[in-house]
Colleague: 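Structure in structure tokens, see below.
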Amino acid sequence: MSPIHSRSSFNLLKRVFQTTCQQNSKKNIVSLINSKNSIKIIQQSKPIYSQNRFKSTLIQSVAKGVNYSLIVVLSLSAGVVSGSFFVKNLLKKPDDPNEETRSVSLVNEFVPTKTIDHHESRFQNFPLNLHLYQFENCPYCSQIRAYLDYFGFCYTLTEVDSYTKEELSKFTKARKLPILVLEDRISKKKWHLANATAILSALESLRNEKHINFGKILDFYLPILRETGTFSSNKYSVSNSNLNSIEWRKWINNSAIPIFNLNSVDSLKNLFEKFDIISEKSGWKSRYNSIKYYIVYYYNVYKAYSKKPSLINRLDSADQTKSPTELLDQLLTEWEHALGEKKFISGSEHPDLADISMYGNVRAYEGCTVFRESIAKYPKFRKWYEQMNQEVLKGFNRLEKISIPILSQNLNDFIEEEKNPKDQIEKKEKPTEQIEPVVSAEQIVPKSVDNEKVIFRILSATYLIHIFAFSYAAYMNK
């Protein structure tokens with residue numbers, strides 16, 4: 001036989017045997033070897049092209065994945081339940097000696113909406129109903145509250161759910177706070193203002209204006225909704241007032257607010273300290289169940305930490321390479337230099353919008369390390385903050401009220417500890433006369449290490465490690 005005919009015969013037999021073996025998986029697999037124009041048949045015990053084997057392997061892999069998923073879910077549920085039980089029942093939280101004099105007391109039962117009344121104020125019967133949607137420790141929301149409290153406006157406020165924000169979906173598409181809803185008591189018309197700077201400018205323009213012109217002024221400050229948030233082109237414009245200082249207000253929004261926020265999240269210690277205070281003041285433990293509390297807590301921690309690059313981008317290019325501590329020192333030095341011997345940045349006996357904006361920003365970080373260090377290192381800044389506290393408590397053009405030096409009593413010990421080693425500080429005897437606690441006063445309470453929170457974080461980290469381990473095992477099918 002010629003080589004051409006032998007090669008074609010070999011190829012024909014090869015195609016015939018392969019087609020037959022692929023269609024019938026129970027038959028032998030044929031391997032054809034062309035060696036000296038001969039054909040050898042090699043039998044194998046297990047067929048390679050078996051579809052039944054492929055199906056069984058797929059089912060086993062899916063079953064293993066489901067089993068591992070169930071193990072992960074059960075371990076996570078058991079960890080959360082046992083951890084919360086251990087933290088709540090087996091540990092006793094030590095008594096807090098400052099609980100009675102704390103500015104914002106511990107929340108036993110969460111109330112989403114509450115009313116703030118200011119008696120003996122000429123704005124007590126203001127022709128507009130004011131309703132503020134806010135976060136307790138948001139610096140922008142704190143600016144609005146400081147303004148309303150200083151001038152004596154009566155208002156209601158709602159603490160928005162920081163996870164779902166379901167309170168906002170009922171009436172607006174905006175998601176950034178604060179949002180101030182103003183309703184005319186006569187015509188029942190409503191306006192929604194969604195920018196803190198625009199809200200301050202609108203309120204200041206309304207303060208000395210006649211009721212008949214309210215609608216025109218509020219339409220001037222209505223926000224424009226965009227994909228990135230709300231925008232108001234007239235937010236720094238103020239009419240019929242001499243309390244506006246545009247340059248300082250821009251400086252506060254572009255420098256002071258991001259720098260204070262950046263210092264509050266520059267380390268995990270400061271980050272957890274910040275949200276411990278927020279969860280306490282906002283009543284998260286009484287508002288959510290145990291599982292949702294942990295979800296909301298760590299969701300906000302991650303969200304705040306992930307915003308660090310955006311905070312840095314808001315600064316000037318020359319400041320973006322500096323550390324948060326250097327930026328804070330530079331900021332407060334500039335503020336003290338501008339104050340000089342003046343009582344307020346306005347240069348008068350009463351604060352203006354810049355003073356109120358800066359005060360609201362700083363007040364949002366009370367209890368945090370960045371606040372305590374700022375007050376301790378810069379005496380002029382501390383004096384200005386004490387005077388602002390007094391002015392907000394007393395109110396603008398209201399009757400004199402009994403007030404106390406808010407910060408002096410609590411910060412003296414803290415400053416003394418910063419200057420001297422702890423072992424050289426002698427414990428002072430407590431005075432026999434007890435001062436009655438003032439609920440409305442802003443107090444500075446240095447945070448102590450809480451065993452309950454430390455153990456909670458250790459348990460949470462342990463369960464997260466288990467989740468990753470089980471997920472990796474399920475992925476690798478081991």
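Count residues from 1 along the sequence. These numbers come from a predicted model, not from an experiment.
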Colleague: So, taking the atom named CE in M388 and the one named OH in Y150, what distance separates them when rounded to the nearest 0.5 Å?
Modeller: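 With rounding to 0.5 Å, CE (M388) is 7.5 Å from OH (Y150).
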
Colleague: Any side-chain heavy atom of L157 within less than 4.5 Å of one from H131?
Modeller: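 Sidechains of H131 and L157: no contact.
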
Colleague: Give a yes or no answer on whether the side chain of N263 reaches the backbone of I259 with a donor-acceptor pair at less than 3.5 Å.
Modeller: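 Yes; judged by distance alone, with no hydrogens or angles, the pair exists.
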
Colleague: Indicate yes or no for a side-chain donor-acceptor contact from Q320 to the backbone of L315 under 3.5 Å, with no hydrogens or angles considered.
Modeller: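 Side chain of Q320 to backbone of L315, a donor-acceptor pair under 3.5 Å: yes, one is there.
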
Colleague: Answer whether the closest heavy-atom distance between the side chains of K343 and Q387 falls below 4.5 Å.
Modeller: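 Yes, at least one pair of side-chain atoms sits under 4.5 Å.
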
Colleague: Sequence neighbours left out, what passes side-chain contact (heavy atoms from CB on, under 4.5 Å) with Q124? Give chain and number order.
Modeller: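 Per chain and number, Q124 pairs via side-chain contact (heavy atoms from CB on, under 4.5 Å) with H119, C154.
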
Colleague: If every non-hydrogen atom of I252 is compared with every non-hydrogen atom of A354, which pair is closest and at what distance?
Modeller: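 Shortest heavy-atom contact: CD1-O, 3.2 Å.
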
Colleague: How far does CG of N254 sit from CZ of R249, to the nearest 0.5 angstrom?
Modeller: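 The CZ atom of R249 is 12.0 Å from CG of N254, to the nearest 0.5 Å.
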
Colleague: Evaluate the side chain to side chain contact (heavy atoms under 4.5 Å, CB included) criterion for residues L262 and L327: first the C-alpha distance (whole Å), next the side-chain angles of each, then the deciding distance (0.1 Å), finally the verdict.
Modeller: CA-CA 9 Å; L262 192 61; L327 293 173; 4.2 Å; yes

Colleague: Count the heavy atoms of every other residue, nucleotide or ligand shown that sit under 6.0 Å from NZ of K165, and state whether that count exceeds 12.
Modeller: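 Check passes, neighbour count above 12.
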
Colleague: Using 30° and 60° as the class boundaries, would you call the ring planes of Y297 and Y293 parallel, tilted or perpendicular?
Modeller: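 It falls in the tilted class, 30° to 60°.
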
Colleague: For N208 and R122, which heavy atoms make the closest approach, and how far apart are they?
Modeller: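 Smallest interatomic distance, heavy atoms only, reads OD1-NH2, 3.4 Å.
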
Colleague: Using the rule given for side chain to side chain contact (heavy atoms under 4.5 Å, CB included), can you reason through W384 versus Y359, listing the C-alpha separation, both sets of side-chain angles and the distance that settles it, and then say yes or no?
Modeller: CA-CA 9 Å; W384 166 84; Y359 169 75; 4.0 Å; yes

Colleague: Taking all non-hydrogen atoms of both residues into account, name the closest pair between F214 and P127 and its distance.
Modeller: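 Heavy-atom minimum between the residues: CE2-CG, 3.5 Å.
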
Colleague: Show, in sequence, the C-alpha distance, side-chain angles and deciding distance for S142 and N361, and conclude whether the side chain to side chain contact (heavy atoms under 4.5 Å, CB included) test is met.
Modeller: CA-CA 6 Å; S142 182; N361 171 47; over 6 Å; no

Colleague: Side chains of W191 and D219: any donor to acceptor distance under 3.5 Å?
Modeller: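 A donor-acceptor contact under 3.5 Å links the two side chains.
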
Colleague: Within a reach of under 6.0 Å around NZ of K269, are more than 12 heavy atoms found that belong to other residues, nucleotides or ligands?
Modeller: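 No, the 6.0 Å shell around NZ holds no more than 12 heavy atoms from other groups.
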
Colleague: Looking at T115 and D117, what are the two nearest heavy atoms and their distance?
Modeller: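 That closest heavy-atom pairing would be CG2-OD1, 3.6 Å.
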
Colleague: State, yes or no, whether a side-chain contact exists between L206 and L182 at a heavy-atom distance under 4.5 Å.
Modeller: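 Result yes, sub-4.5 Å side-chain heavy-atom pair found.
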
Colleague: If the threshold is 4.0 Å, N to carboxylate O, is there a salt bridge linking E204 and R207?
Modeller: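 Here E204 pairs with R207 in a salt bridge, since their nearest N and O are under 4.0 Å apart.
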
Colleague: Is there a donor-acceptor pair closer than 3.5 Å between any side-chain N or O of S241 and the backbone N or O of V238?
Modeller: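 Here the side-chain-to-backbone pair does not exist.
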
Colleague: Is a donor on one side and an acceptor on the other found under 3.5 Å between the side chain of R145 and the backbone of Y140?
Modeller: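 No, R145 side chain to Y140 backbone: no donor-acceptor pair under 3.5 Å.
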
Colleague: Hey, could you give me the NZ/CG distance between K274 and N300, rounded to the nearest 0.5 Å?
Modeller: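 Rounded to the nearest 0.5 Å, the NZ-CG separation comes to 9.5 Å.
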
Colleague: Counting only N and O atoms by type, is there a donor-acceptor contact under 3.5 Å from the side chain of N270 to the main-chain atoms of D266?
Modeller: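 The answer is no, because no donor-acceptor pair under 3.5 Å joins these two groups.
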
Colleague: Could you grab the distance from atom CG of L130 to atom CZ of F123, nearest 0.5 Å is fine?
Modeller: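 Output value for this atom pair is 11.0 Å.
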
Colleague: Examine distances only and state if a side-chain atom of D184 and a backbone atom of I186 form a donor-acceptor pair shorter than 3.5 Å.
Modeller: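 Side chain of D184 to backbone of I186: a pair is present.
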
Colleague: Which residue in the set Y155, F151, F153 passes ring-ring contact (aromatic ring centres under 6.0 Å, His included) when paired with F126?
Modeller: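 Exactly one candidate clears the test, F153.
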
Colleague: Less than 4.0 angstrom from a charged side-chain N to a carboxylate O is my criterion; do D161 and K292 meet it?
Modeller: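 Here D161 pairs with K292 in a salt bridge, since their nearest N and O are under 4.0 Å apart.
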
Colleague: Hey, is the main chain of S205 close enough, under 3.5 Å, to the side chain of N240 for a donor-acceptor pair?
Modeller: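 No.
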
Colleague: Does the side chain of W248 come within less than 4.5 Å of S357's, by heavy atoms?
Modeller: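 Side chain of S357 against side chain of W248, heavy atoms only: no contact under 4.5 Å found.
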
Colleague: Should I278 and F275 count as side-chain neighbours, where that means a heavy-atom distance under 4.5 Å?
Modeller: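 Yes, at least one pair of side-chain atoms sits under 4.5 Å.
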
Colleague: Mind running side chain to side chain donor-acceptor pair (under 3.5 Å) on N244 and Y236 for me, showing each step along the way?
Modeller: CA-CA 8 Å; N244 191 22; Y236 289 107; over 6 Å; no

Colleague: Rounded to the nearest 0.5 Å, what separation is found between the OG1 atom of T158 and the OH atom of Y133?
Modeller: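 One finds 5.0 Å between OG1 of T158 and OH of Y133.
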
Colleague: Could you pull out the closest heavy-atom pair between L339 and I345, with the gap in Å?
Modeller: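 Closest approach of L339 to I345: CD2-N, 3.7 Å.
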
Colleague: Any carboxylate oxygen within less than 4.0 angstrom of a Lys/Arg side-chain nitrogen, looking at D319 and K322?
Modeller: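 A salt bridge is present here (some side-chain N lies under 4.0 Å from a carboxylate O).
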
Colleague: Could you tell me whether a side-chain N or O of S346 sits under 3.5 Å from a main-chain N or O of H350, the two making a donor and an acceptor?
Modeller: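 A pair under 3.5 Å: yes.
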
Colleague: Could you tell me whether the side chain of F381 reaches within less than 4.5 Å of the side chain of I375, counting heavy atoms only?
Modeller: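 Sidechains of F381 and I375: in contact.
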
Colleague: Please walk me through it: do N137 and S282 pass side chain to side chain donor-acceptor pair (under 3.5 Å)?
Modeller: CA-CA 8 Å; N137 277 59; S282 300; 5.1 Å; no

Colleague: Could you tell me whether the side chain of L331 reaches within less than 4.5 Å of the side chain of D329, counting heavy atoms only?
Modeller: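 Side chain of D329 against side chain of L331, heavy atoms only: no contact under 4.5 Å found.
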
Colleague: Could you walk me through whether Y385 and Q390 pass the side chain to side chain donor-acceptor pair (under 3.5 Å) check?
Modeller: CA-CA 9 Å; Y385 189 81; Q390 297 288 345; over 6 Å; no

Colleague: Say whether, by atom type as modelled, one donor and one acceptor occur between the side chain of S121 and the main chain of H118 under 3.5 angstrom.
Modeller: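 The answer is no, because no donor-acceptor pair under 3.5 Å joins these two groups.
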
Colleague: Of all heavy-atom pairs between C138 and L177, which one has the smallest distance, and what is that distance?
Modeller: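 Scanning both residues completely, I find the closest heavy atoms to be SG-O, 4.3 Å.
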
Colleague: Is it the case that the side chain of Q134 and the backbone of E159 share a donor-acceptor pair, with hydrogens and angles ignored and the cut-off at 3.5 Å?
Modeller: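 Judged by distance alone, no pair lies under 3.5 Å.
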
Colleague: For R372, is there an ion pair with E273 - N to carboxylate O distance below 4.0 angstrom?
Modeller: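 Judged by the 4.0 Å cut-off on N to carboxylate O distance, E273 and R372 do form a salt bridge.
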
Colleague: Should the heavy atoms of other residues, nucleotides or ligands under 6.0 Å from OH of Y288 be counted, would the total exceed 12?
Modeller: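 More than 12 heavy atoms, drawn from other residues, nucleotides or ligands, come within 6.0 Å of this atom.
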
Colleague: F260 and S374: side chain to side chain contact (heavy atoms under 4.5 Å, CB included), yes or no, with the steps?
Modeller: CA-CA 10 Å; F260 266 87; S374 302; 4.1 Å; yes

Colleague: Got more than 12 heavy atoms from elsewhere within 6.0 Å of NZ, K307?
Modeller: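 Open.
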
Colleague: Are any non-hydrogen side-chain atoms of L218 and L128 less than 4.5 angstrom apart?
Modeller: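 When only atoms from C-beta onward are counted, L128 and L218 do touch, with a gap below 4.5 Å.
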
Colleague: Distance check, rounded to the nearest 0.5 Å: Y378 atom OH versus W335 atom CH2?
Modeller: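 Nearest 0.5 Å value for the OH-CH2 distance: 14.5 Å.
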
Colleague: Does K235 qualify as a cation-pi partner of Y221, given the criterion of NZ or CZ under 6.0 Å from the six-membered ring centre and within 45 degrees of its axis?
Modeller: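 No, a cation-pi geometry is absent between K235 and Y221.
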
Colleague: Mind running side chain to side chain donor-acceptor pair (under 3.5 Å) on N129 and R185 for me, showing each step along the way?
Modeller: CA-CA 7 Å; N129 292 325; R185 295 184 177 181; 2.8 Å; yes

Colleague: Should we count NZ of K383 as having more than 12 external heavy atoms under 6.0 Å?
Modeller: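 Incorrect, the count does not exceed 12.
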
